[in-house]
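What follows is a set of notes on a single structure, which appears directly below.
When a residue number appears, it is its place in the shown sequence, counting from 1. The basis for the numbers below is simple: all heavy atoms, side chains too, and nothing from hydrogens, waters or symmetry mates. Bear in mind that the values here come from a model prediction, so they are computed numbers and not experimental data.
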Amino acid sequence: IAMRNVSSMVEFRFKNNGDKSVKVKHIVFSVEGCALVGAFNVDFSNADNILCTPQDGAVADTAVLQVENPTAIASGSEALFYVAVAPFKAQSGSAISFDLTLENENGVESHCTKSQQLASTTSFVSGKCKTIVLNFDAEITKIEVETGELPSMGSEVALFKTRIMCYNVR
């Protein structure tokens, strides 16, 4: 039996360009017109990419990451967060959106939202990890989707609690 990765990974690189440390407690991520989590049909017949087709009504365009025991991200530093999603292709001009719950040095929570259109079509492929950079300076100032992929989904992504349910595997 050959084992294959069904999910794609998103690495969020949170860059704190602000003048104070901050904790990221919650990340809500969505891409317009793309099913990110839910119940999918999986086709292993394509050797290069496992095609996940959504089951009607059983998917969502929003992925959520609850960060347990968040560590403060110092000014000028960055932190990495990972979320498993279904493979998808985001078209040029599609809106990519974030809603972050942050905590400042005094323990006060705030929400930070940002939405912007993608400059080009980009694919999130089965078994691959793509990086999205969130530049932060009292708010998210810019979202960058890196064009390349990380070489593999290794041990750094072994402890995920996010699930993508897959049914009707062929």
Problem - Short side-chain to backbone donor-acceptor contact, Glu78 and Lys15, under 3.5 Å - result: no
Problem - Contact check, side chains of Val22 and Phe136, non-hydrogen atoms, under 4.5 Å - result: yes
Exercise for the section: Nearest 0.5 Å please: distance from the CG atom of Leu100 over to the NZ atom of Lys23. Expected result: 15.5 Å
Practice task
Considering non-hydrogen atoms only, spot the tightest contact between Glu32 and Gly93 and give its length.
Solution key: OE1-O, 4.1 Å
Practice task
Measure the CD1-CZ distance between Ile27 and Phe98 for me, rounded to the nearest 0.5 Å.
Solution key: 7.5 Å
Handout entry: Step-by-step side-chain hydrogen bond (donor to acceptor under 3.5 Å, both in side chains) determination, Lys130 to Thr122
Key = CA-CA 10 Å; Lys130 188 173 286 270; Thr122 186; 3.2 Å; yes
Practice task
Could you tell me whether a side-chain N or O of Ser8 sits under 3.5 Å from a main-chain N or O of Val85, the two making a donor and an acceptor?
Solution key: no
Practice task
Identify, with sequence neighbours excluded, every residue that meets side chain to side chain donor-acceptor pair (under 3.5 Å) alongside Ser21.
Solution key: Glu105
Exercise for the section: Go through the steps to decide whether Asn135 and Asp137 satisfy the test side-chain contact (heavy atoms from CB on, under 4.5 Å), and finish with yes or no. Expected result: CA-CA 7 Å; Asn135 291 290; Asp137 185 358; over 6 Å; no
Practice task
Please check if the distance between the ring centroids of Tyr82 and Phe12 is under 6.0 Å.
Solution key: no
Handout entry: Test side chain to side chain donor-acceptor pair (under 3.5 Å) applied to Lys25 - qualifying residues, sequence neighbours left out
Key = Glu103, Glu109
Practice task
State whether the side chain of Asn16 and the backbone N or O of Gly18 hold a donor-acceptor pair below 3.5 Å, judged by distance alone.
Solution key: yes
Exercise for the section: State the CD1-CG distance between Ile132 and Leu134, to the nearest 0.5 angstrom. Expected result: 7.5 Å
Problem - Value rounded to 0.5 Å, distance of CG in Leu118 from OG in Ser94 - result: 6.0 Å
Practice task
Identify the two heavy atoms, one from Val37 and one from Ala63, that lie closest to each other, and give their separation to 0.1 Å.
Solution key: CG1-CB, 4.2 Å
Exercise for the section: Check the hydrophobic clustering (I, L, V, M, F, W, Y; side-chain heavy atoms under 4.5 Å; chains of links allowed) and say if Leu80 and Met9 are grouped together. Expected result: yes
Exercise for the section: To the nearest 0.5 Å, tell me how far His26 NE2 sits from Cys112 SG. Expected result: 14.0 Å
Problem - Nearest heavy-atom neighbours spanning Pro87 and Ser126 - result: CG-OG, 3.0 Å
Problem - Expected output: side-chain Asp99 to main-chain Thr113 donor-acceptor under 3.5 Å - result: no
Problem - Distance in Å, Cys129 SG paired with Glu11 CD, rounded so as to fall on 0.5 Å steps - result: 5.0 Å
Handout entry: ring pair (Phe, Tyr, Trp, His ring centres under 6.0 Å) partners for Phe88, two or more places apart
Key = Phe124
Problem - Heavy-atom check, side chain of Leu102 versus side chain of Val24, under 4.5 Å - result: yes
Exercise for the section: Carefully, step by step, assess Val67 and Phe81 under the rule side-chain contact (heavy atoms from CB on, under 4.5 Å). Expected result: CA-CA 9 Å; Val67 181; Phe81 303 92; 3.9 Å; yes
Problem - Donor-acceptor under 3.5 Å (Thr121 side chain, Ser92 main chain) - result: yes
